[in-house]
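Below is one structure, written out as structure tokens; comments come after it.
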There are 2 protein chains.
Amino acid sequence: MAAKKSQTGSSSEAAETARRAPMREFSRSLPMSLLRAREAVMRQFRPALRNHGLTEQQWRILRALTAVDAIEVTELARVAFLLGPSLSRILRDLEARQLIERRAAKADLRRAVVSISAKGMKLIEAVAPTSEAIYAEITGRFGARKLAELQEMLGVLERSLAAMEVAGEESGKIEE
Amino acid sequence: MAAKKSQTGSSSEAAETARRAPMREFSRSLPMSLLRAREAVMRQFRPALRNHGLTEQQWRILRALTAVDAIEVTELARVAFLLGPSLSRILRDLEARQLIERRAAKADLRRAVVSISAKGMKLIEAVAPTSEAIYAEITGRFGARKLAELQEMLGVLERSLAAMEVAGEESGKIEE
DNA sequence: CGATTTCACTTAACATGTTAATCATCTCCC
DNA sequence: GGGAGATGATTAACATGTTAAGTGAAATCG
């Protein structure tokens, strides 16, 4: 089971090092931990959403819209945590399905204002009980206190990194 | 600023409730917290990976391959936490770029065995220092102890939900 | 005013996520 | 050994993630 040592010789000396001593256990890296945890959670919700013809992101948007009377697209992107292009496509689809309504802002024709329709609201109402039940089950299994603690830590992590420089621009092509 | 009340009447009674009292603060839901936290982390790494022509998933695969001599595709999917179809596409690309090598298993021709190439290993070596530096910076900002604690909680959450039934099959179309 | 720049949003192009279907092998059992 | 079913991998089809480019409207400045 030993790695194929001394095969290519000195050429892959560092390669051998990496092979023997992985940078990090990888599956234990923070991004992987967060990814797996999120997937474990979403795996519970996706079937229920799917039964109502909604994807996770479409659900996020409709959910966000129930909390406001109307909202501009950019602000909606921030709240639902979606990038502009994704949001554009999804809004086009949701509008075609008449789950939302869109109109131009009077004061600034560049801006579009979105709101949920009665039909969209009914859909939300149909899914909400199941969704809430699942959330309650998760809370029960993991523990309400631990859940709050976890979310607090996630928030701290997020804020810790918010101010962090996004380095990696390699050479000094910072300005263009 | 009040919601358009008493417009459609009793029909959207629950809708009004939802509008006034959102099911959950939404942005504070567990899935959103996990998503934002992960994005905050990955936002630090993506530029560096991009400078080396790698996406996050391609990096995950190469990283996973450095820990083993060779691995079957299904097992690689499990380790790198990718679905089969995604992995298939990415392996095709990585193979075309000669960053990995693939061959059929002798005992079972259905199975494919993948390993990282010398060229792939060199790429890993080129990115690793930057990647490690970023990880160290994150650890420093958030705190090594808190980081370990967070990952422990994420693991517990994952295992708490592993046994949970994935309900939501609506009607009894469990069998097909 | 009018040209330039900025801004909000959309489109484009490519990579991945997600589920279903397909294809080739392999196993099992008669 | 041969056919039904199981299995590993890929392909198909559609939705989203991600970055760059495009479009129209607004703000800025000369």
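Quick note on labels: first sequence line is chain A, next is B, and so on, each numbered from 1.
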For A/P31 and B/V41, work out which heavy atoms get closest and say how close.
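So the two residues come closest at CG-CG1, 3.8 Å.
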Answer yes or no: is there an ion pair linking B/E75 with B/R111, defined by an N-O contact shorter than 4.0 Å?
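No, B/E75 and B/R111 are not salt-bridged.
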For A/R97, is there an ion pair with A/D93 - N to carboxylate O distance below 4.0 angstrom?
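Yes, A/D93 and A/R97 are salt-bridged.
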Rounded to the nearest angstrom, tell me the gap between atom [atom1] in [X] and atom [atom2] in [N].
X     : N      : atom1 : atom2 : result
B/L54 : D/dG17 : CG    : P     : 22 Å
A/E75 : C/dC7  : CD    : P     : 17 Å
B/R89 : D/dA15 : CZ    : C1'   : 11 Å
A/W59 : C/dT18 : CH2   : P     : 18 Å
A/E72 : D/dA26 : CD    : C1'   : 13 Å
B/L35 : C/dT16 : CG    : P     : 18 Å
A/L49 : D/dT16 : CG    : P     : 12 Å
A/R92 : C/dA8  : CZ    : P     : 21 Å

Tell me whether A/E56 at atom CD has more than 12 heavy atoms from other residues, nucleotides or ligands lying less than 6.0 Å away.
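Count over threshold, so yes.
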Comparing A/K106 and A/L82 on DNA chain D - which has the more 5′ nearest nucleotide:
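Nearest-nucleotide comparison on DNA chain D picks A/L82.
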Here's a test of your reading of the structure: between A/I90 and B/V73, which maps to the more 5' nucleotide of DNA chain D?
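Closest to the 5' end, via its nearest nucleotide, is B/V73.
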Does the pair B/R78 and B/I71 meet the rule for a side chain to side chain contact (heavy atoms under 4.5 Å, CB included), with working shown?
CA-CA 11 Å; B/R78 195 188 62 76; B/I71 188 173; over 6 Å; no
Under 4.0 angstrom, heavy atoms only, what part of the nucleic acid is [X] near: base, sugar-phosphate, or nothing?
X     : answer
A/T55 : sugar-phosphate
B/L87 : nothing
B/E56 : nothing

For C/dT16, does OP1 or OP2 lie under 4.0 Å from any side-chain N or O of B/S86?
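Result: no.
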Does B/Q57 put a side-chain nitrogen or oxygen below 4.0 Å from OP1 or OP2 of D/dG17?
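Negative; the distance criterion is not met.
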Nearest listed nucleotide, side chain of A/R60, among D/dG17, D/dT10, C/dT18
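Among D/dG17, D/dT10, C/dT18, the one nearest the side chain of A/R60 is D/dG17.
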Is it the case that the side chains of B/S117 and B/E101 hold a donor-acceptor pair, with the cut-off being a distance below 3.5 Å and no angle test?
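No - no donor-acceptor pair under 3.5 Å links their side chains.
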Worked verdict on A/R46 versus A/E39 for salt bridge (charged side-chain N to carboxylate O under 4.0 Å, His left out):
CA-CA 10 Å; A/R46 260 191 283 270; A/E39 178 54 28; 2.6 Å; yes
Which parts of nucleotides 19-25 of chain C does protein reach within less than 4.0 Å, heavy atoms only, written one letter per nucleotide 5' to 3' as B for base, S for sugar-phosphate only and - for none?
BB----B
